[in-house]
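Worksheet for the structure shown next.
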Amino acid sequence: MARPEDSAWAVSVAQVASRPGQSSPVDADFPAPSGIGDAIVGVTEGEPIHVAGAFDSIVDGLIFRAHITAPVHAECTRCLKPLQRDWDADVTAFFPYQYKGDNANEDADIIAGEEESEDSYPLSPDGCFADLEALLRDTFVEDLPLQPLCKPDCKGLCPQCGINLNEHPDHQHDTTDIRFAALASLKEQLERETGEHAAQEPKEK
């Protein structure tokens, strides 16, 4: 089993472990992990993801509050224009200390600020390291919009010819041209189907 301290996302929290009221800041870049490509469009493995925040120690564990920023390479889902943007999100998570003895299987109810923390992540057995990778994955899947637009009012592509309507706002098709194009397409389809049918019929001897 992989140890948190071996992860590229491992953060030393030894100075705050078991010391309620203490705080340990985090302000660093971490490499984007593998295995998130299926759920996250445009985040390349190994790209730097910036995490800025702090671990605050309480009796039962550590509350982590941070701002996560990552570069996203994608394309507009309307006009297909390549775009690069910075995605960011604020997160709050709980890293509980491991219980020992009679309370080993009990779950702790922890209040993070005014709201109960829903997401819990493990510390190393001695409480010295926290692995932020699982937090990153969950945050991306929940908060990263998978259908980005190059701008909020993007008009997309013309459904008739594919021209970018943002660059050509006055572009339009004459209805006559559209009608004849539709008729030509229908005629081509009928000819193709007729030819295929004739090829399938057995020749008379």
Side-chain angles (χ1 to χ4, degrees), residues 1-74 83-148:
M1 184 175 179
R3 301 178 303 172
E5 55 265 38
D6 293 333
S7 169
W9 281 81
V11 175
S12 174
V13 293
Q15 62 268 41
V16 297
S18 302
R19 299 175 63 185
Q22 297 295 310
S23 181
S24 176
V26 176
D27 191 351
D29 289 331
F30 298 88
S34 61
I36 60 176
D38 294 339
I40 302 166
V41 178
V43 180
T44 304
E45 179 181 353
E47 280 196 291
I49 297 177
H50 191 75
V51 179
F55 285 96
D56 295 309
S57 183
I58 58 177
V59 174
D60 294 317
L62 302 176
I63 295 295
F64 182 63
R65 299 180 180 91
H67 189 75
I68 299 178
T69 306
V72 176
H73 305 276
L83 57 94
Q84 179 174 352
R85 60 196 174 93
D86 283 337
W87 167 87
D88 59 347
D90 293 309
V91 300
T92 299
F94 176 55
F95 289 76
Y97 297 135
Q98 290 194 355
Y99 286 101
K100 298 179 181 179
D102 296 336
N103 297 326
N105 295 322
E106 292 185 7
D107 293 329
D109 293 328
I110 297 300
I111 302 300
E114 297 180 356
E115 298 180 358
E116 184 175 348
S117 178
E118 298 179 356
D119 299 320
S120 297
Y121 301 92
L123 289 168
S124 57
D126 56 4
C128 292
F129 290 91
D131 189 350
L132 302 184
E133 185 172 329
L135 172 62
L136 168 86
R137 295 174 189 272
D138 291 349
T139 303
F140 269 43
V141 171
E142 292 174 3
D143 296 336
L144 180 65
L146 301 183
Q147 296 184 337

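Predicted model, so just to flag it, every value in this text is computed and none were measured. Residue numbers run from 1 in the order of the sequence given.
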Tell me the closest heavy-atom pair linking [X] and [Y], and the distance in Å.
{"X": "Pro96", "Y": "Leu123", "answer": "O-CD1, 3.8 Å"}
{"X": "Pro48", "Y": "Pro71", "answer": "O-CD, 3.3 Å"}
{"X": "Ala130", "Y": "Phe55", "answer": "CB-CZ, 3.7 Å"}

Would you give the length of the straight line joining atom [atom1] of [X] to atom [atom2] of [Y], rounded to the nearest 0.5 angstrom?
{"X": "Gln22", "Y": "Ile58", "atom1": "CD", "atom2": "CD1", "result": "14.0 Å"}
{"X": "Phe129", "Y": "Ser12", "atom1": "CZ", "atom2": "OG", "result": "5.0 Å"}
{"X": "Ile68", "Y": "Leu135", "atom1": "CD1", "atom2": "CG", "result": "5.0 Å"}
{"X": "Asp131", "Y": "Phe30", "atom1": "CG", "atom2": "CZ", "result": "9.5 Å"}

* **Side chain proximity check, Leu132 to Phe64, heavy atoms < 4.5 angstrom** => yes
* Quick one: are Phe94 and Ile63 in side-chain contact, heavy atoms under 4.5 Å? -> yes
* Where the side chain of Thr69 meets the backbone of His50, is there a donor-acceptor pair that is under 3.5 Å apart? -> no
* Asked: Is there a donor-acceptor contact under 3.5 Å from the side chain of Trp9 to the main chain of Pro31?
  -> yes
* Asked: Going through the distances and angles, do Tyr121 and Leu62 end up as a side chain to side chain contact (heavy atoms under 4.5 Å, CB included)?
  -> CA-CA 10 Å; Tyr121 301 92; Leu62 302 176; over 6 Å; no
* side chain to side chain contact (heavy atoms under 4.5 Å, CB included) with Ala89: which residues, sequence neighbours excluded? -> Trp87, Thr139, Asp143
